[in-house]
There are 2 protein chains.
Amino acid sequence: MKQRTHVCGEILEKYIGEKVTLQGWVKKRRDLGQVIFIDLRDRSGHVQVVCNGEKVPQALELAEKVRNEYVIEITGQVVARDEENFNELIPTGKVEVMVEELTILNASKGLPFMIEDDVEVSEDVRLKYRYLDLRRPKMYDSMYLRHRTTKLIRDILDEEQFMEVETPMLTKSTPEGARDYLVPSRVHHGEFYALPQSPQLFKQLLMVSGFERYYQIARCFRDEDLRADRQPEFTQVDIEASFMGKENLLAMMEDMMARIMRELKGIEITKPFPRLTYYEAMNRFGSDKPDTRYGMELVDVSEQVQTSDFKVFANTVKNGGVVKGICVKGVADQYSRKDLDGLGSVVEIYGAKGLAWLKVEKDKALKGPIAKFFDEAKAAELIDSFGAEAGDILFFVADKQRVAWDALGALRIKFAKDLELVNHEEFNFLWVTEFPLLSYDEDADRYVAEHHPFTRPVAEDEELLETAPENIRAEAYDLVLNGYELGGGSQRIYERELQEKMFSALGFTEEEAKSQFGFLLDAFEYGTPPHGGIALGLDRLVMILAGRNNLRETIAFPKTASASCLLTNAPSGVSEAQLNDLNLSIKPKEKEKTN
Amino acid sequence: MKQRTHVCGEILEKYIGEKVTLQGWVKKRRDLGQVIFIDLRDRSGHVQVVCNGEKVPQALELAEKVRNEYVIEITGQVVARDEENFNELIPTGKVEVMVEELTILNASKGLPFMIEDDVEVSEDVRLKYRYLDLRRPKMYDSMYLRHRTTKLIRDILDEEQFMEVETPMLTKSTPEGARDYLVPSRVHHGEFYALPQSPQLFKQLLMVSGFERYYQIARCFRDEDLRADRQPEFTQVDIEASFMGKENLLAMMEDMMARIMRELKGIEITKPFPRLTYYEAMNRFGSDKPDTRYGMELVDVSEQVQTSDFKVFANTVKNGGVVKGICVKGVADQYSRKDLDGLGSVVEIYGAKGLAWLKVEKDKALKGPIAKFFDEAKAAELIDSFGAEAGDILFFVADKQRVAWDALGALRIKFAKDLELVNHEEFNFLWVTEFPLLSYDEDADRYVAEHHPFTRPVAEDEELLETAPENIRAEAYDLVLNGYELGGGSQRIYERELQEKMFSALGFTEEEAKSQFGFLLDAFEYGTPPHGGIALGLDRLVMILAGRNNLRETIAFPKTASASCLLTNAPSGVSEAQLNDLNLSIKPKEKEKTN
């Protein structure tokens with residue numbers, strides 16, 4: 001192998017007359033008998049190289065053996081193409097390289113799929129041959145965008161005096177939160193490490209250490225059932241700062257997002273970002289991560305329907321529930337009665353008993369199975385509440401507030417998708433604030449932390465911790481982009497007493513709190529500064545920047561929905577010796593047990 | 001909490017007259033009754049703040065409550081100190097801040113140890129209170145140096161067009177190499193992931209993908225018994241490149257090291273680095289990671305002693321062994337006969353049967369128990385071989401070459417340490433090349449890879465793979481600094497056939513090779529470019545840069561020698577429910593089993 005002098009993508013007209021050595025992959029090959037044209041590709045792009053049998057017979061001989069995806073090295077002179085042969089689609093399209101020497105560095109057999117974007121192939125095959133899948137331009141671009149995003153975030157945080165600190169991967173299992181991945185200890189009989197769900201405790205301890213500004217682009221793990229936007233391991237931009245306060249932190253994050261958008265997407269976004277309280281977000285969009293690229297906001301018509309003849313609505317309100325709806329513009333003709341009734345299944349997932357609908361006709365008339373319950377005045381009142389016009393459809397959910405929010409929020413997203421209301425060039429960042437600190441978990445019969453147990457209550461709500469925990473707002477904030485939660489954070493508790501009250505509100509006994517988090521409680525007694533932070537999902541951020549809708553497109557070697565790696569066949573069985581070292585045995589499957 | 005206007009360390013004379021708000025920790029407090037002086041510290045440094053009870057009674061009242069390591073906020077005016085009160089030891093020593101407002105942000109109880117460098121406290125206590133230990137300036141400086149080193153390496157690799165790609169942490173267990181940390185799968189009954197010992201296979205697959213230049217600062221794991229320079233998890237600067245060749249890679253690494261030394265230590269180092277073959281390194285220094293900051297090179301005197309009257313030496317040579325020695329300069333007076341005989345224990349560890357010594361006297365005479373075996377001519381010959389002078393001591397090991405190398409290598413290091421021969425301002429980088437590809441493992445009764453099974457043989461040695469594997473030199477290189485292996489790498493095998501031969505030389509059946517590494521063998525058939533790489537131990541690099549000799553000083557939250565975290569008490573027991581989820585049960589301890 002020689003040293004290459006250039007990369008394929010940079011062979012432009014300025015190099016005409018120069019002798020170059022290139023290395024790369026055969027993207028395409030056209031055999032015209034005495035002349036073979038090869039599109040030679042490396043990661044920078046591709047250029048046409050020409051093997052002319054009259055001039056260099058040995059090169060032609062080798063070129064005859066070459067197939068797609070062979071790795072070759074060529075040396076030759078850059079020449080101008082005839083104008084009629086210009087290829088305007090590629091930067092190198094006005095030149096070609098006349099091959100003087102050709103070396104085959106490695107062969108390739110036939111590929112399971114073409115190295116092209118949007119090739120028709122199942123994802124399982126792509127994952128099995130991930131090393132080939134990653135040769136496709138879109139995949140390479142995603143990974144390159146990920147690299148650039150990561151680098152830019154690091155540069156920004158470095159400029160802002162944040163220090164990267166690595167925290168342990170082999171750490172302690174805590175029952176609070178999602179399910180841990182465990183790592184058996186060989187040395188400590190019957191004991192386990194846990195892989196971190198986040199570096200939360202360590203970053204707070206670094207604040208106790210006086211590091212003041214910490215960051216880490218950290219791998220985190222959750223052993224949960226997967227879906228398209230979850231992976232067993234994921235990467236988090238983890239940030240924590242002392243003495244910084246919420247406003248400075250949010251402003252810094254907005255600057256960071258603005259720079260990412262400017263430098264990586266060429267898009268200017270407006271700062272400061274809009275802020276919605278959790279209540280407002282739910283009430284207007286039925287979501288705590290609202291996509292504001294389209295309208296269809298939720299409208300509360302409880303007051304209006306309370307006095308209507310439709311008992312289902314009236315009674316719901318009477319019994320403390322709400323009636324809310326959305327107006328879908330100009331689609332009355334597109335949805336049959338059957339279509340509309342079928343939409344009930346969308347809201348049932350969220351526990352809604354049903355989905356009522358009304359088509360808006362000319363002259364403020366309503367049409368549909370429940371239209372008869374609304375007299376002329378009521379109909380007009382309803383229509384006005386939505387600012388609806390003829391041709392629109394109104395959808396209603398009458399239920400507990402939470403159910404109405406979730407059901408209509410999901411319906412709103414469904415219509416936006418089905419009707420293609422989303423402008424994919426738009427990037428709507430916003431903050432959602434004032435989340436509830438705690439929520440009541442019916443199954444566990446106790447309060448659980450909405451964010452995590454280290455989140456600070458809003459100061460004026462602190463006194464509710466012992467009386468009405470469900471009413472406490474948290475000093476928490478989520479960063480939302482186009483309907484995705486990019487990340488979230490909070491100002492933290494830094495006083496032992498308040499942290500103990502929090503654990504107690506979560507149903508921990510004093511002993512439990514001590515055995516799980518004693519080291520944190522202890523640390524708080526040695527001069528812990530006020531601090532807070534945020535964590536961004538890097539995979540998700542890159543996914544949105546790359547215009548993808550699946551996390552697996554932004555991760556080099558992802559797992560499937562059953563947490564398998566189709567390339568390496570992980571997880572896999574291990575030897576008896578390995579199990580013995582760890583003092584473990586595998587229980588028989590349930591089925592076998594019952595035999 | 002207000003917004004701070006400055007940090008403590010920047011309060012210099014230019015701010016005299018300005019009103020500032022500072023936040024930080026009480027480093028020291030001197031109570032003079034009506035005036036209390038506080039040294040206020042944040043991570044930037046510290047400044048003296050003055051609470052004068054005559055001027056601001058409330059502040060004095062609070063200052064009376066304040067103790068060391070309290071977190072406080074002060075607002076006040078920067079004033080010049082009287083010249084007699086200048087503190088020349090700190091940058092802020094010519095000013096102080098006259099406190100107008102003081103707020104206690106958090107209290108601190110008495111500390112288990114002082115927040116000062118070189119404090120007398122056991123490492124166990126430091127690790128238990130790591131969050132306080134990290135407040136000590138030296139620890140903070142180590143962590144900051146680590147941050148800067150990491151950032152600089154990233155910047156350099158980014159400039160060199162390397163792309164950061166994250167590879168999986170949950171991957172496949174392979175029996176080759178060290179012991180894996182395993183992670184049981186909940187979904188796949190009885191199966192396990194392994195935490196990566198390095199991203200080796202994935203980075204090679206990225207080369208197959210045409211990424212050309214990959215890097216990652218990757219966490220790696222080895223479940224081995226620990227010592228001072230090993231941790232169960234460690235961080236590796238992982239680099240791989242296609243079409244780059246060894247020479248370009250080594251040159252780039254030299255540039256990287258030179259920039260690190262220049263930008264982080266202010267030291268210019270000489271390039272290119274010296275290169276020693278493995279054989280030369282062992283032969284001259286008895287080590288494959290020689291510290292060249294001092295001499296005491298090994299001298300082979302096999303030829304000279306072969307004809308001496310000392311049968312032990314003569315017979316060793318006759319039987320195919322060697323006699324080698326080192327000369328320790330000018331210490332004859334410092335070591336008694338008893339001391340010298342005691343040194344035998346140093347070499348016994350390496351299997352040496354004994355350590356012979358001779359003191360050099362005036363007029364080329366020798367003294368010591370074996371001096372009588374060397375007549376005048378022989379004595380002079382020996383002395384000349386070492387370039388020895390009166391007052392030196394010669395040490396000899398007569399054994400197999402490998403034993404002589406190891407034993408004298410260790411002895412050389414011991415003397416350098418004991419006699420303080422090391423110049424700690426010197427940074428001697430060098431490359432060791434041409435390592436053996438394979439070595440014979442007596443226990444396993446097979447060849448094992450010295451580096452790993454993916455390392456390429458030197459081209460002219462390839463044919464020995466099936467005939468004399470132990471004689472093959474590898475296309476491998478280690479980067480050595482001051483006697484530490486900073487890292488190592490190699491050019492890789494990229495042909496399926498050669499890789500299969502390698503596995504076969506390692507005693508793998510075809511089936512074993514396929515089940516373990518089938519995906520890599522397959523990948524090699526789809527146009528794999530020539531590639532190679534290197535991995536540097538980041539923890540170790542930072543340790544050397546920081547002038548430390550224990551990896552735990554460069555890791556924020558390290559594990560002890562028994563792989564425990566004394567802060568969080570990881571590893572720890574987990575619940576029955578967690579074990580059930582994973583279909584695992586814990587075997588009773590051996591003792592209990594025998595009951």
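Excluded from the calculations below are hydrogen atoms, water molecules and symmetry mates; all remaining heavy atoms, backbone and side chain alike, are included.
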Asks: Any side-chain donor-acceptor pair under 3.5 Å between Thr554(A) and Asp539(A)?
Replies: no

Asks: Given that the side chain runs from C-beta out, which part of Arg41(B) has a heavy atom under 4.5 Å from chain A: side chain, backbone, both or neither?
Replies: neither

Asks: With chain A as the partner, which of Glu495(B), Glu247(B), Arg496(B), Gln161(B) has the greatest number of non-hydrogen pairs under 4.5 Å?
Replies: Gln161(B)

Asks: Given heavy-atom pairs under 4.5 angstrom as the criterion, report whether the side chain, backbone, both or neither of Phe202(A) touches chain B.
Replies: both

Asks: Can you tell me which portion of Val187(B) sits under 4.5 Å from chain A's heavy atoms? Options are side chain, backbone, both or neither.
Replies: side chain

Asks: For Ala107(A), is it the side chain, the backbone, both or neither that has a heavy atom under 4.5 Å from a heavy atom of chain B?
Replies: backbone

Asks: For Ile104(A), is it the side chain, the backbone, both, or neither that has a heavy atom closer than 4.5 Å to a heavy atom of chain B?
Replies: neither

Asks: May I ask you to check whether over 12 heavy atoms, not counting those of Gln3(B), lie within 6.0 Å of atom CD?
Replies: yes

Asks: Check each atom of Met143(A) against the heavy atoms of chain B and say whether the ones under 4.5 Å are side chain, backbone, both or neither.
Replies: both

Asks: Could you look at Lys559(A) and say if it's the side chain, the backbone, both or neither that has a heavy atom under 4.5 Å from chain B?
Replies: side chain

Asks: Can you tell whether the side chains of Asp581(B) and Arg186(B) come within less than 4.0 Å, N to carboxylate O?
Replies: no

Asks: Does any N or O in the side chain of Gln578(A) come within less than 3.5 Å of the main-chain N or O of Ser575(A), such that one atom is a donor and the other an acceptor?
Replies: yes

Asks: Measure Ile555(B) against the heavy atoms of chain A and call it side chain, backbone, both or neither at under 4.5 Å.
Replies: neither

Asks: Quick check on Arg67(A) against chain B: is it the side chain, the backbone, both or neither that has a heavy atom closer than 4.5 Å?
Replies: neither

Asks: Any idea which of Phe221(B), Tyr70(B), Phe524(B) has the most non-hydrogen atom pairs under 4.5 angstrom with chain A?
Replies: Phe221(B)

Asks: Taking side chain as everything from C-beta outward and backbone as N, CA, C, O, which of these in Arg154(A) sits under 4.5 Å from a heavy atom of chain B? Side chain, backbone, both or neither.
Replies: both

Asks: Give me the ring orientation class for Tyr131(B) and Tyr129(B): parallel if the planes are under 30° apart, tilted from 30 to 60°, perpendicular past 60°.
Replies: perpendicular

Asks: Top residue by heavy-atom pair count (under 4.5 Å) with chain B, among Ala556(A), Ala194(A), Ser564(A)?
Replies: Ser564(A)

Asks: Checking Tyr215(A) against chain B: side chain, backbone, both or neither under 4.5 Å from a heavy atom?
Replies: side chain

Asks: Let me know if Leu566(B) has heavy atoms under 4.5 Å from chain A in its side chain, its backbone, both or neither.
Replies: neither

Asks: Can a donor-acceptor pair be found, under 3.5 Å and without considering hydrogens, that links the side chain of Asp180(B) to the backbone of Leu182(B)?
Replies: no

Asks: Checking Thr174(B) now: which residues fulfil side-chain contact (heavy atoms from CB on, under 4.5 Å) with it, not counting sequence neighbours?
Replies: Gln516(B), Phe517(B)

Asks: Regarding Glu164(A) and Gln216(A), is there a side-chain donor-to-acceptor distance under 3.5 Å anywhere?
Replies: no

Asks: Check each atom of Arg43(B) against the heavy atoms of chain A and say whether the ones under 4.5 Å are side chain, backbone, both or neither.
Replies: both

